[in-house]
Number of protein chains: 2
Amino acid sequence: MSDTKPTQQYIRKDDRREMIAEAARALILEKGYAALRTRSVAERVGINISTLHFHVPNKTALVRLVAETSRDAFLALLPPGPDAERPALAQLRAEVRAYHDSLRDRPELAACFGQLTQVATAEPEVAEILDAFTQDWCRRYAEILAIGRSQGVFRATVQPLPAALMITGALASFGPRGPKGLAMFWPVVDEIERSLLVPESRECSDAD
Amino acid sequence: MSDTKPTQQYIRKDDRREMIAEAARALILEKGYAALRTRSVAERVGINISTLHFHVPNKTALVRLVAETSRDAFLALLPPGPDAERPALAQLRAEVRAYHDSLRDRPELAACFGQLTQVATAEPEVAEILDAFTQDWCRRYAEILAIGRSQGVFRATVQPLPAALMITGALASFGPRGPKGLAMFWPVVDEIERSLLVPESRECSDAD
DNA sequence: ACATGAATCAATCATATGATTGATTTATAT
DNA sequence: ATATAAATCAATCATATGATTGATTCATGT
C-alpha cells in the first residue's frame, strides 16, 4: 500500500527549521497565536514533538523564529527602496503594490505581525523585531514622501513622518481581519494619493 | 490588624460580572489575550474560580463579556454623532479627541479590541461584535466627511468611505503597542486634516 | 425566627500542554 | 564496513488549565 507520506525524512536542520516556521505561520493565520500549540506545529510538519524540540528548543524560540522569518520574507518582497532620482509617485505605487501583493499571496506574513503583537509585551525580543520592522517600513514611506515633496509632486505641506504613519497605519488595517478582504484596498490607496498630490495635478488638468 | 481584604463579599450578579469584565480587560492589556487565564481573572477580582464560573459559565462567555463591555464602554465615550447642521471640522476634531482621550484614559479598551481579533477566527460571536463596531466607528467618520464635503470645507474629491477607512486605520495604529505611545498622535491628525481640507489659495473653476 | 434562594468556596477531575529522556534510525566520513 | 554525528520517535513527566461537585455562608422576605 502507498503511504500518504512516502519516504520523507531526515531533513537538514536549516530546512527543517524553515518548514517549522512555515507551519507555525500557517497555524497562526488560521487559528490565531493564542491557539498556537507546539504539538500542532509538529503535527503539521509531520514530525514528532521531540523532533520539533530538537530543532527549536522551546516555544519562545519558536515564536522568535516566526518573527524573524516573517520579517525577512516580507522585506524580500519589497521594491528596491527610496531613490531621489526616480519619480516619487511611481516609487510610492511600487511600495504599495508590493504590500498589496504580499497580503494577497502571503497572508500569513501580515497575520503573524498582527498576532505577534500579543506576545510582544511578554517577549521583549519579539517586540524588538516588530518595532524595528515597523520603523523601517514607515521610514521607507517617509523618505519617498520627502523625495516627492522636493520633486514638486506632493504638497509642500506634507510632513513626511506623520504622513508616513498615516499611510502605514491605513495600510496595516488591511491585514487578515481587515474590512472584508482587500475590496477597499485600492480605493483607500487612491484616497491617499489624492491627499498627497499637489492640487494642480488633479481636476484642473486631465490625468496622464 | 486590618486585613487587605476586610469583609468584601456577596456582590450582586450584575456588579460582579462588571468587576470580572474589568479584571479581564486589565489582564488583557497587561499580558495579552494569549496569557489570559480564568484563574488570573478570579484572583484579580478576589474570588474563587468556582465563583467566577457561577457568574460567567465558561471562557467563551468571558471573552464575549469582555468584547461587549469594551464596545459599550468605548461607545459611551464618543461624542454625539454626525450632524449635518454643525461644522464638520469641529465634529471631526471632537471625534478624534474622544478617541485620543480613550487611548490615554482607558487603554484597556483599545487593547482588548486589538487582542480579541485573535479570538475572532475561533469565536464567530466575538468576530460579529468586533466587525459591527469597526463598521460603526468607520461610518461615523464617513458621514462627517460627507457633511464636510457638502459644507465646502473638505475637498470635493474626498471619497467618504475610503477616506474614513484611511483615517480609522491610521488612528487604530495608535493603540497600545503603537509607535512609541501617543507622541505622534496629533502630528498625524494634523496631517490627516491637511489632507482633507480644501487647498486655500487654489481655485480650479470647476463646476460640480 | 426561619425558609428560601443567591453567592461563595474548598476540593477535585479530566485533559491540555510544554518539555525531557533515552533508545532508534539514517546519513556521512574514513 | 564501521564509527560518529545528525535527525527522529515513543513514552513519559510535571504542571497548567478549564471545568465541576457539593457543602457553606450571606441576604431577604414573611
Side-chain angles (χ1 to χ4, degrees), chain A residues 3-24 27-28 30-67 115-116 118-119 122-123 125-126, chain B residues 3-24 27-28 30-67 115-116 118-119 122-123 125-126:
Chain A
D3 307 316
T4 38
K5 280 170 194 167
T7 332
Q8 270 291 25
Q9 263 153 355
Y10 277 77
I11 310 290
R12 289 305 233 279
K13 197 155 195 172
D14 284 341
D15 297 324
R16 205 44 127 182
R17 279 174 65 89
E18 183 44 53
M19 294 172 71
I20 290 170
E22 180 183 339
L27 286 171
I28 288 175
E30 292 168 17
K31 313 264 192 167
Y33 168 76
L36 185 69
R37 300 290 175 261
T38 56
R39 278 173 165 75
S40 318
V41 177
E43 189 183 13
R44 180 142 191 153
V45 177
I47 59 178
N48 192 280
I49 310 167
S50 359
T51 306
L52 177 73
H53 278 100
F54 170 75
H55 293 289
V56 181
N58 49 46
K59 197 175 182 179
T60 297
L62 173 63
V63 169
R64 214 161 43 215
L65 175 68
V66 168
Q115 297 278 303
L116 288 188
Q118 291 144 359
V119 209
E123 297 291 339
E125 289 201 54
V126 174
Chain B
D3 308 315
T4 38
K5 279 170 196 170
T7 331
Q8 269 289 27
Q9 265 153 355
Y10 278 76
I11 310 290
R12 287 308 231 280
K13 199 154 194 173
D14 284 342
D15 297 324
R16 206 43 128 181
R17 279 173 64 89
E18 184 43 53
M19 295 171 70
I20 290 170
E22 181 182 341
L27 287 171
I28 288 175
E30 292 169 18
K31 313 264 193 167
Y33 168 75
L36 185 69
R37 300 289 175 262
T38 55
R39 277 174 166 75
S40 317
V41 176
E43 188 183 13
R44 181 141 189 154
V45 177
I47 59 177
N48 190 279
I49 311 168
S50 2
T51 307
L52 177 73
H53 278 100
F54 171 75
H55 294 289
V56 180
N58 49 45
K59 196 174 182 180
T60 295
L62 173 63
V63 169
R64 214 161 43 214
L65 175 68
V66 169
Q115 298 277 305
L116 288 187
Q118 349 182 24
V119 210
E123 296 292 336
E125 289 200 53
V126 174

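All of these numbers come straight from a predicted model, not from anything done at the bench. Per chain, numbering begins at 1; letters A, B, ... match sequence-line order.
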In residues 52-62 of chain A, what residues come within less than 4.0 Å of DNA chain D, judged by heavy atoms?
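A:Phe54, A:His55, in order of number.
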Nearest heavy atoms of [X] and [Y], plus distance in Å:
X        : Y        : answer
B:Ala24  : B:Leu62  : CB-CD1, 4.2 Å
A:Ala21  : A:Val66  : O-CG2, 4.4 Å
B:Leu116 : B:Ile28  : CD2-CD1, 4.5 Å
A:Gly32  : A:Gln115 : CA-OE1, 2.9 Å

With a 4.0 angstrom cut-off to heavy atoms of chain A, pull out the first and last contacting nucleotide of DNA chain D, in 5'-to-3' order.
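Endpoints of the contacted stretch of DNA chain D: D:dA6 to D:dA10.
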Rounded to the nearest Å, what distance is computed from the CZ atom of residue B:Arg17 to the C1' atom of nucleotide C:dA6?
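Interatomic distance, CZ of B:Arg17 to C1' of C:dA6: 15 Å.
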Would you mind reading off the distance between A:Ile11 atom CD1 and C:dT25 atom P, rounded to a whole angstrom?
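So the two atoms are 19 Å apart, to the nearest Å.
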Counting heavy atoms not belonging to A:Glu22, are there more than 12 under 6.0 Å from its CD?
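Atom CD in A:Glu22 is not packed in, count stays at 12 or less.
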Enumerate the side chain to side chain donor-acceptor pair (under 3.5 Å) contacts for residues 55-65 of chain A, please, sequence neighbours excluded, ordered by first and then second residue.
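For residues 55-65 of chain A, and leaving out neighbouring residues, the side chain to side chain donor-acceptor pair (under 3.5 Å) pairs sorted by first residue read A:Thr60-A:Glu123, A:Arg64-A:Glu125.
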Across the strands shown, which category fits A:Arg39 at heavy-atom distances under 4.0 angstrom: base, sugar-phosphate, nothing?
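Since a base atom lies under 4.0 Å of A:Arg39, the category is base.
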Walk me through it: do A:Ile47 and A:Arg16 pass the test side chain to side chain contact (heavy atoms under 4.5 Å, CB included)?
CA-CA 10 Å; A:Ile47 59 178; A:Arg16 205 44 127 182; 3.3 Å; yes
Distance from A:Ile20 atom CD1 to A:Lys13 atom NZ, nearest 0.5 Å?
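With rounding to 0.5 Å, CD1 (A:Ile20) is 9.5 Å from NZ (A:Lys13).
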Would you mind telling me which residue lines up with the more 5' stretch of DNA chain D, A:Asp14 or A:Ile49, judged by nearest nucleotide?
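Here A:Asp14 is the residue nearer the 5' end.
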